[in-house]
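Please read all numbers here as calculations on a predicted model, not as lab measurements. Both ligands and their constituent atoms are indexed starting at 1 by order of listing.
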Amino acid sequence: MRLRHIRGAEERIAESPYVVQDPRGEKGHWAERFGNTNPIEIEVGMGKGKFIMELAQKNPDKNYIGIERYSSVLLRGLEKREQLELTNIWFLCIDAKEMTEIFAPGEVSRIYLNFSDPWPKDRHAKRRLTSPEFMKVYDQILEKDGTVEFKTDNRGLFDYSLESIPEAGWSIRQHTFDLHHSELAEGNVMTEYETKFAAEGKPICKLVAGR
Ligand code: SAM
């Protein structure tokens, strides 16, 4: 995500009624925050949030949380959020590595990773959202049958993930190197990045992992 700092972004996030300001206080109590016990799904690195807001509109019987660490990026999502009537979505401005402090074991049913930053240098491998370090974080908050769904156009990151995820003790349940021409295409909701890459004719890779 190209990042240009927007002056006042932190302040606007801090005042937003759509952002949970003290997410640590919600650990183990997210059902109360949503007012129901519907499954909770998270997108890590939601960017401007097209994907997660579209899911929330399509599935009122599920709850959604969008996580984005940069306030200037999240702010763009909030501008879109203000135009929608939704009661099943919250946003968090945090780094995903803090997720175990925010969600209790088993509190989350699905995690989406969409077009995550590739971090191509070996010395930055731990920052990749499909690294064994991050898979350990997801393991601690996902329910027993919970899944991680990962989409990317980056073949290097995808090939790495096909190895790093099993190394972390997970199994790859489904995968494709060309999502839009595969059986996984049914019901696919496109992200902002996916729309752009698909228009350029780039194939999109997807995997679904569980334990
Ligand atoms: N998911 C969106 C899409 O597909 O259009 C945005 C993709 S963008 C390339 C990746 C986003 O993930 C960026 O906005 C970045 O700030 C966010 N991100 C990367 N690592 C993160 C982390 N550890 N915690 C929270 N957000 C993260």
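- Relative ring orientation between Y112 and F51 is described as perpendicular, the plane-to-plane angle rising above 60° on a 0-90° scale split at 30° and 60°.
- Distances from atom 19 (C) of ligand 1 to the heavy atoms of L113, D95, D117, L74 put D117 nearest.
- Screening L207, D178, I204, L179 against L184 for a side chain to side chain contact (heavy atoms under 4.5 Å, CB included) leaves a single residue, L179.
- A pairwise comparison of heavy atoms in F34 and T87 identifies CD2-O, 4.4 Å as the closest pair.
- Checked against a 3.5 angstrom limit, the closest N/O atoms of F134 and ligand 1 fall outside it.
- Atoms of ligand 1 found under 4.0 Å from any heavy atom of N114 (numbered from 1 in listed order, with element): 1 (N), 2 (C), 4 (O), 7 (C).
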* To do: Run the numbers on K80 and E192 for salt bridge (Lys or Arg N to Asp or Glu O under 4.0 Å), then give the verdict.
  => CA-CA 13 Å; K80 199 180 313 173; E192 240 126 21; 3.2 Å; yes
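- Between R128, R69, E192, it is R69 that holds the heavy atom closest to atom 20 (N) of ligand 1.
- Every atom of ligand 1 is numbered from 1 in the order shown, and the set under 4.0 Å from a heavy atom of T191 is 3 (C), 4 (O), 5 (O).
- Note that R128 lies outside the cation-pi zone of W119, set by a 6.0 Å cut-off to the ring centre and a 45° limit from the axis.
- The closest approach between any non-hydrogen atom of E43 and ligand 1 is below 4.0 Å.
- Proximity of I94 to ligand 1 is established by a heavy-atom distance of less than 4.0 Å.
- Put simply, part of M46 is less than 4.0 Å from ligand 1, judged by heavy atoms.
- Between E79 and R12 there is a salt bridge, since a side-chain N of the basic residue sits under 4.0 Å from a carboxylate O of the acidic one.
- Interface atoms of ligand 1 facing F115, defined by a heavy-atom separation under 4.0 Å, are 4 (O), 7 (C), 8 (S), 9 (C), 10 (C).
- For ligand 1, the atoms lying closer than 4.0 Å to a non-hydrogen atom of Y70 are 16 (O).
- Ligand 1 has an N or O atom lying under 3.5 Å from an N or O atom of G45, backbone or side chain.
- Classification of R211 and D139 as a salt-bridged pair holds, one side-chain N sitting under 4.0 Å from a carboxylate O.
- Checked for salt-bridge contact, K151 and E194 meet the test: a charged N lies under 4.0 Å from a carboxylate O.
- Remark: distances from the non-hydrogen atoms of E68 to ligand 1 include one below 4.0 Å.
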